[in-house]
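Notes to accompany the following structure.
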Amino acid sequence: LPPGGTGKESQLITRNEIPSVATGGSASADTDAADAKDSMEVEPPTVKDPKEQAQPPKPAHRYRHVALLFHYDGASYSGFAQNLPPASSKSSKFSDRSSSPVPASVTNDNSIERTLFAALTKTCLISSREEANYSRAGRTDRGVSAWGQVVALNLKSAVPIGARLPAEGDNGDGEGEKYGKEVTEDDLPLTSDAADGLDCYAPVRAKKSKKKNKKQKTGDGSTATTATNTPPTVEAPQLKRRTISELNYVRMLNNVLPPTIRVLGWCPVTPEFSARFSCSDRTYRYHFIRRKLDLKAMEQALQKMVGRHDFRNMCKMNVEQVYNFERVIKSAKIVDPASDAGANGATGPSSYYDTCHFEIIGQAFLWHQIRCIVSILFMVGQGLESPDIVDHLLDVQTNPGKPSYPMADELPLVLHRCSYGDTNEGSVDRVPFRRSVRDLWRVACDLENRWEEMTLAAARLRDGLESLKVEAMVSRSDVETFVAEILKERQKKCKRLPS
């Protein structure tokens, strides 16, 4: 203790006294500190060239832009278009899935488009919908069927990437130059027939060498197996001459699609082709029973709609997405089997149960336009309105507001055809769909079986109606009482209506 100290001073050590303990008389301490500093230094990561990072991976398969023609029965579906999740609800590795739940309309979707893409994915014809360059000709609503629906998208081709055409003068004798130019989309087969196959040099799949295990002797005389760490060698791709037929898209899809959806044909198109915007006109048909409808008055009202008109009073208003309600109807008619039979020289009066249909052709249509037109024509055929009602509805200056009236049922409506003819060339179709006899025969058999089943069901119902007319006898007084009650109920409804 220092002189006069109490012992508490020995517990206080100043900062100047510490170096004598940490560094006193030792050069190894400095060396250890330098080594520790060197060990903590980390080499900076190598930065790759931005051009190399931006290069997308090379595709493993060749894809080509194809238009598909197919039909479907929309009675059991919620519509053609699929309900896709919004962009905010798409999950990523940085987003919380629980914060953006998928809407019930997406999970419970029963659309034709969803069924179609499920079949395309199952057959491995597409990688994803986003990369398929997809477009559709029409968007039918719930219950509406189609016979000539068209979609366009990129499908996988049977011709591999890297295939080359034979050189000019190559006869397969091994003399001279064998390989010509690389196969492009213009050289691909136009059909799936074997006779239309492409003669080319296609690369053979590269074979990877298997990993070999070596056996070594240990000190006690036993053998131990050790694996070599050398990476497997990949042989260079070789080209082999063969004839390649295109994938049979129709048969592949029909094998996995339900019987209510059938692909009819396909056609190669340019990458700029759009099934929607390249379509020149669309044909709709609406089937109905003749009964006691005045077909002449309906035909007169229908012809007033031909041409360019503002159809805002004959559609379902959607002002958020549509601001131009002018559309062009190129032609419209009523097909009556009785009148067609008379034109062909056959005799046969019109029946109460004859099946007729409207045929309306136009370039584009508004939302529910066909069903609204049919509803107006039915009111004219029943005598509730005159054919001049069409002139009043088309005069949007005098009648700017759409009147309230019900739409026609959706089940008899059919998208019959989508045409891609050039208006300058008349009826020349720029998309000639390829159809094979075997595939059409299978589709015809399916349709024939379904038609027979439904026709027999309709015959059973028709027999029940005829039996009611013959066997269910009622008295005249009961009929008069029933008619009086119906008239009384209608008079009450008319009194409640505003004048």
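Nothing here was measured: the structure is a model prediction, and the numbers come from that model.
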Original post:
For the residue pair Ala163 and Ala202, what are the closest heavy atoms and their distance?
Top reply: CB-CA, 4.3 Å
**OP:** Take Phe70 and Leu116 through the test side chain to side chain contact (heavy atoms under 4.5 Å, CB included) and record every step on the way to the result.
**Re:** CA-CA 10 Å; Phe70 63 101; Leu116 177 62; 4.2 Å; yes
Original post:
ring-ring contact (aromatic ring centres under 6.0 Å, His included) with Tyr249: which residues, sequence neighbours excluded?
Top reply: Trp266
**OP:** Of all the heavy-atom pairs spanning Phe273 and Ala67, show the shortest one and how long it is.
**Re:** CE2-CB, 4.2 Å
Original post:
Is a side-chain N or O of Glu299 found less than 3.5 angstrom from the main chain of Ile334, in a donor-acceptor match?
Top reply: yes
Original post:
Salt bridge check: are Glu113 and Arg136 linked by an N-O gap of less than 4.0 Å?
Top reply: yes
Original post:
Just wondering, do Met314 and Leu394 contact through their side chains at under 4.5 Å, heavy atoms?
Top reply: yes
Original post:
Which value, rounded to the nearest 0.5 Å, describes the distance between Ile244 atom CD1 and Asp199 atom CG?
Top reply: 9.5 Å
Subject >> Residues that Arg312 engages under salt bridge (charged side-chain N to carboxylate O under 4.0 Å, His left out), provided they are two or more places apart >> reply: Asp310
**OP:** Sequence neighbours left out, what passes salt bridge (charged side-chain N to carboxylate O under 4.0 Å, His left out) with Arg164? Give chain and number order.
**Re:** none
**OP:** Report the residues that fulfil ring-ring contact (aromatic ring centres under 6.0 Å, His included) with Tyr77, sequence neighbours left out, ordered by chain and then residue number.
**Re:** none
**OP:** Hey, could you give me the NE2/CZ distance between His309 and Arg327, rounded to the nearest 0.5 Å?
**Re:** 14.0 Å
Subject >> Intermediate values then yes/no, side chain to side chain contact (heavy atoms under 4.5 Å, CB included), Thr115 and Ile261 >> reply: CA-CA 9 Å; Thr115 307; Ile261 304 176; 4.0 Å; yes
Original post:
Does atom CZ of Arg435 have more than 12 heavy-atom neighbours, drawn from other residues, nucleotides or ligands, at distances under 6.0 Å?
Top reply: yes
**OP:** Sequence neighbours left out, what passes ring-ring contact (aromatic ring centres under 6.0 Å, His included) with His368? Give chain and number order.
**Re:** none
Subject >> Backbone of Val390 reached by a side-chain donor or acceptor of Asp395 within 3.5 Å >> reply: no
**OP:** Give the C-alpha distance, both sets of side-chain angles, the deciding distance and a yes or no for side chain to side chain donor-acceptor pair (under 3.5 Å) between Arg438 and Asn248.
**Re:** CA-CA 11 Å; Arg438 180 179 295 274; Asn248 195 330; over 6 Å; no
Return a table of donor-acceptor pairs under 3.5 angstrom between the side chains of residues 405-412 and protein atoms on other chains or two or more places apart.
{"unit_1": "Tyr405", "atom_1": "OH", "unit_2": "Asn313", "atom_2": "O", "d": "2.8"}
{"unit_1": "Asp409", "atom_1": "OD2", "unit_2": "Leu411", "atom_2": "N", "d": "3.3"}
{"unit_1": "Glu410", "atom_1": "OE1", "unit_2": "Arg371", "atom_2": "NH2", "d": "3.4"}

Subject >> N/O donor-acceptor pair under 3.5 Å between Asp196 side chain and Leu190 backbone >> reply: yes
Original post:
For Leu247, does its backbone N or O pair with a side-chain atom of Ser192 as donor and acceptor, under 3.5 Å?
Top reply: yes
Original post:
Can you list the residues that meet the ring-ring contact (aromatic ring centres under 6.0 Å, His included) rule with His392, with sequence neighbours excluded?
Top reply: none
Original post:
Nearest heavy-atom pair of Tyr420 and Ser274: which atoms, and what distance?
Top reply: CE2-O, 4.3 Å
**OP:** Applying side-chain contact (heavy atoms from CB on, under 4.5 Å), name anything that partners Ile389, two or more places apart in sequence or on another chain.
**Re:** Ile376, Val380, Glu385, Leu393
**OP:** State, to 0.1 Å, how close Ala297 and Pro387 come at their nearest heavy-atom pair, and which atoms those are.
**Re:** O-CG, 3.8 Å
**OP:** Rounded to the nearest 0.5 Å, what's the gap from CG on Asp141 to NZ on Lys316? Could you check?
**Re:** 8.5 Å
Original post:
Hey, do the aromatic rings of Phe365 and Phe311 have their centres closer than 6.0 Å?
Top reply: no
**OP:** Please confirm whether the backbone N or O of Phe288 pairs with a side-chain atom of Arg290, one donor and one acceptor, at under 3.5 Å?
**Re:** no
Subject >> side chain to side chain donor-acceptor pair (under 3.5 Å) evaluation trace for Tyr63 with Ser127 >> reply: CA-CA 10 Å; Tyr63 289 87; Ser127 57; 4.5 Å; no
Original post:
Atom CZ of Arg242 and atom CG of Leu198: how far apart are they, to the nearest 0.5 Å?
Top reply: 10.0 Å
**OP:** Output yes when a side-chain donor or acceptor of Ser145 lies under 3.5 Å from a complementary backbone atom of Val414, and no otherwise.
**Re:** no
Subject >> Derivation of the side chain to side chain contact (heavy atoms under 4.5 Å, CB included) call for Leu125 and Leu253 >> reply: CA-CA 9 Å; Leu125 291 178; Leu253 292 174; 4.0 Å; yes
Original post:
Hey, what do you get for CD1 (Ile361) to OG (Ser419), rounding to the nearest 0.5 Å?
Top reply: 7.5 Å
Subject >> Any Arg251 side-chain heavy atom under 4.5 Å of Asn255 side chain >> reply: yes
Donor-acceptor list for residues 151-160 side chains, cut-off 3.5 Å, not counting sequence neighbours:
{"unit_1": "Asn154", "atom_1": "OD1", "unit_2": "His65", "atom_2": "ND1", "d": "2.8"}
{"unit_1": "Lys156", "atom_1": "NZ", "unit_2": "Cys124", "atom_2": "O", "d": "3.4"}
{"unit_1": "Ser157", "atom_1": "OG", "unit_2": "Val159", "atom_2": "N", "d": "3.2"}
{"unit_1": "Ser157", "atom_1": "OG", "unit_2": "Glu246", "atom_2": "OE1", "d": "3.4"}
{"unit_1": "Ser157", "atom_1": "OG", "unit_2": "Glu246", "atom_2": "OE2", "d": "2.9"}

**OP:** Without swapping roles, check the side chain of Asn399 against the backbone of Val396 for a donor-acceptor pair under 3.5 Å.
**Re:** no
Original post:
Any side-chain heavy atom of Lys402 within less than 4.5 Å of one from Cys372?
Top reply: yes
Subject >> Over all atoms of both residues, closest heavy-atom pair of Ile370 and Leu413 >> reply: CG2-CD1, 3.5 Å
Subject >> Side chain Gln363, main chain Val328, donor-acceptor under 3.5 Å >> reply: no
Original post:
Below 4.5 Å, heavy atoms only, C-beta onward: do Ile373 and Ile360 meet side chain to side chain?
Top reply: yes
Original post:
Which atoms form the tightest heavy-atom contact between Ala137 and Gln149, and what is the distance?
Top reply: CB-OE1, 3.6 Å
**OP:** Could I get the full list of side-chain contact (heavy atoms from CB on, under 4.5 Å) partners for Arg114, not counting sequence neighbours?
**Re:** Gln82, Asp109, Ser111
Original post:
Do the side chain of Lys304 and the main chain of Asp391 share a donor and acceptor less than 3.5 angstrom apart?
Top reply: no
Original post:
Within the side chain of Thr123, is there an N or O that forms a donor-acceptor pair under 3.5 Å with the backbone of Leu120?
Top reply: yes
Original post:
Just wondering, do Lys333 and Val335 contact through their side chains at under 4.5 Å, heavy atoms?
Top reply: yes
**OP:** Answer yes if the ring centres of Phe358 and Tyr284 are under 6.0 angstrom apart, and no otherwise.
**Re:** no
Original post:
With a 4.0 Å cut-off, would you call Arg417 and Glu359 a salt bridge?
Top reply: no
**OP:** Kindly compute the distance separating CZ (Phe80) from CZ (Arg142), expressed to the nearest 0.5 Å.
**Re:** 15.5 Å
Original post:
According to the salt bridge (Lys or Arg N to Asp or Glu O under 4.0 Å) rule, which pairs have a member within residues 264-274, sequence neighbours left out?
Top reply: none
Subject >> Check: Val431 and Cys267 side chains under 4.5 Å, non-hydrogen atoms >> reply: yes
Subject >> Where at least one partner belongs to residues 183-194, residue pairs that pass salt bridge (Lys or Arg N to Asp or Glu O under 4.0 Å), sequence neighbours excluded >> reply: Lys181-Asp187
